[in-house]
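Just the heavy atoms: all of them, side chains too, but no hydrogens, waters or symmetry mates, feed the values below.
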Amino acid sequence: MTLAPMTPLAAMPSPSTAVWQLGPVPIRAYALCIILGIVVACVVTEYRLRRRGVAPGAVLDIAVWAVPAGIIGARIYHVITSPEKYFGAGGEPIKALYIWEGGLGIWGAVAGGAVGAWLAARQLGIPLTVVADALAPGLPLAQAVGRLGNWFNNELYGGRTTLPWGLEVHVMDPDNPGHALRDDAGNPVLQPGLYHPTFLYEALWNVGVAALVLFLDRKLRLGRGRAFALYVMGYTAGRFWIELMRTDEANLILGVRLNVWTAALVFLGALAYFIRVRGPREYLVPVGEPAPAAGPAGDVSQVDLSAREAAARPAAPEGYRVVTEEQFEAYRKTGELPPEPAADDEAARAEPADDAATGRTDDDGATAERTDGDDTEDDTDPERADAERTNAGRADGGRPADRDS
């Protein structure tokens, strides 16, 4: 009787190189994955913002603020939660700025990016909740793409496994960052055994979270930031159990990894927000939208096509205001802006005064008396004629005072 070999029949390889030199410029796989993830998030967010009434290109204005703020926030979180690497014994504080060597915390990225997005949204006149809900499915997709950078870096893997998708992990060369250590024959050195590809688990989980947000957002028509809260709940639920599988160094609280506690607390906060906040999905119409240019007249040969194309390009409005879905659909079909609520209220208050029983204001600003049978007065009354001549000579334009006032 022979025992089956313990060596797995299949394994997932890891790249032995994560940095390529383009002349003097290093091209890092981790950075490329982060950039590609940002592009994916921008494309998804742009599409969803347009469907809610935001002018094309707004996502670029938001990204200019949100992306740098997110990277700064991610690095600050990493340094705060792992200070011994930079400020402990043998640490180098200057390396806290070496972002290209890795070390970004998703919690800080979301917090910093939210601050940047809020600043941009204020400038554009867009409610932050609209931006957050538009970003909700794009952000987990960006995280999924970004996790591939961990695969290139041979990092963030879990414990040992014999599963067919077990990961081969290289021993990285500390003197040549981004490259695997090589033996005397020039072959890359591998860690013994296979490991759980926890970065891949998280990437697949994030794709599922994006699908969940898209499905429930379409079914429930989420608004007021609830789609983003759903993303946060979905992501933290997965991060909780995936974090427990990781074996890389981390600070512990009561014997549990710090990010496990963070995931649990953030999940509870997002759940409370999702339950407490109610309201319909928000749609936007422009404020201060430029008037459309008049069509060309005369001979077609005299039309300036370059000017016509420039006029056809949409201009960003001064801001936006929130309307109902019905008002937004009517605006898309007719191009007519729905009336502002404040203007409606003022008109409703002014209408009874203009149409009072004592008179009605005509286009010239004069008051026409309403005749109701027995209340008809003689227009030839000399005393009334004198009063009208006196009112006509007043400095306020001649409008007579209301007789009932």
Side-chain angles (χ1 to χ4, degrees), residues 1-19 28-30 32-34 36-37 40 82 102-107 137 139-174 178-183 185 187-213 215 231 233-252 255-264 266-267:
M1 180 177 179
T2 59
L3 296 176
M6 297 299 294
T7 303
L9 300 178
M12 179 186 301
S14 292
S16 60
T17 302
V19 180
R28 305 178 188 277
Y30 185 79
L32 293 178
C33 292
I34 294 295
L36 181 58
V40 170
S82 303
L104 298 176
I106 182 60
W107 316 109
L139 188 53
L141 291 178
Q143 291 174 254
V145 176
R147 280 303 178 201
L148 295 179
N150 302 129
W151 177 56
F152 279 95
N153 285 349
N154 286 252
E155 61 186 4
L156 302 191
Y157 48 87
R160 297 279 290 269
T161 182
T162 57
L163 292 171
W165 56 83
L167 179 70
E168 295 178 342
V169 179
H170 291 101
V171 178
M172 303 305 287
D173 189 350
H179 298 272
L181 188 69
R182 295 185 179 271
D183 57 20
N187 299 317
V189 178
L190 289 171
Q191 299 274 9
L194 301 179
Y195 301 83
H196 280 286
T198 51
F199 65 85
L200 179 60
Y201 298 162
E202 184 173 333
L204 295 175
W205 182 273
N206 284 334
V207 173
V209 169
L212 176 68
V213 172
F215 174 76
Y231 145 72
M233 287 189 291
Y235 172 72
T236 51
R239 183 63 183 267
F240 184 89
W241 65 267
I242 293 172
E243 190 72 24
L244 291 173
M245 298 180 65
R246 285 170 48 172
T247 57
D248 53 298
E249 293 184 4
N251 291 327
L252 304 178
V256 180
R257 295 169 66 95
L258 172 61
N259 282 333
V260 174
W261 292 102
T262 304
V266 174
F267 174 87

Which heavy atom in [X] sits nearest to a heavy atom in [Y], and how many Å separate them?
X	Y	answer
Ser16	Arg182	OG-NH2, 3.8 Å
Met172	Ala180	CE-N, 3.9 Å
Asn206	Pro140	CB-O, 3.2 Å
Pro137	Ala210	O-CB, 3.5 Å
Gly234	Trp205	O-NE1, 2.8 Å
Ser14	Trp151	CA-NE1, 3.6 Å

Quick one: list whatever passes side-chain contact (heavy atoms from CB on, under 4.5 Å) with [X], sequence neighbours left out.
X	answer
Leu212	Leu216
Pro13	Glu168
Leu181	Val171, Asp173
Leu200	Met12, Pro197, Leu204

Output the distance between atom [atom1] ([X]) and atom [atom2] ([Y]), rounded to the nearest 0.5 Å.
X	Y	atom1	atom2	answer
Glu202	Leu156	CD	CG	8.0 Å
Asn154	Leu167	CG	CG	7.0 Å
Arg147	Cys33	CZ	SG	11.5 Å
Ile242	Tyr201	CD1	OH	9.5 Å
Tyr30	Glu155	OH	CD	6.5 Å
Ser82	Asn251	OG	CG	5.5 Å

Who are the ring-ring contact (aromatic ring centres under 6.0 Å, His included) partners of [X], not counting sequence neighbours?
X	answer
His170	none
Trp261	none
Tyr195	Tyr157

Taking only residues two or more places apart in sequence or in another chain, which ones pass side chain to side chain donor-acceptor pair (under 3.5 Å) with [X]?
X	value
Gln143	Tyr231
Trp241	none
Trp107	Asn259

Return yes if some donor-acceptor pair links the side-chain N/O of [X] with the main-chain N/O of [Y] below 3.5 Å, else return no.
X	Y	result
Thr161	Leu163	yes
Asp183	Ala185	yes
Asn153	Ala18	no

Contacts of type salt bridge (charged side-chain N to carboxylate O under 4.0 Å, His left out), residue Arg257, not counting sequence neighbours: Glu243, Asp248
pair Ile106-Tyr235: side-chain heavy atoms closer than 4.5 Å: yes
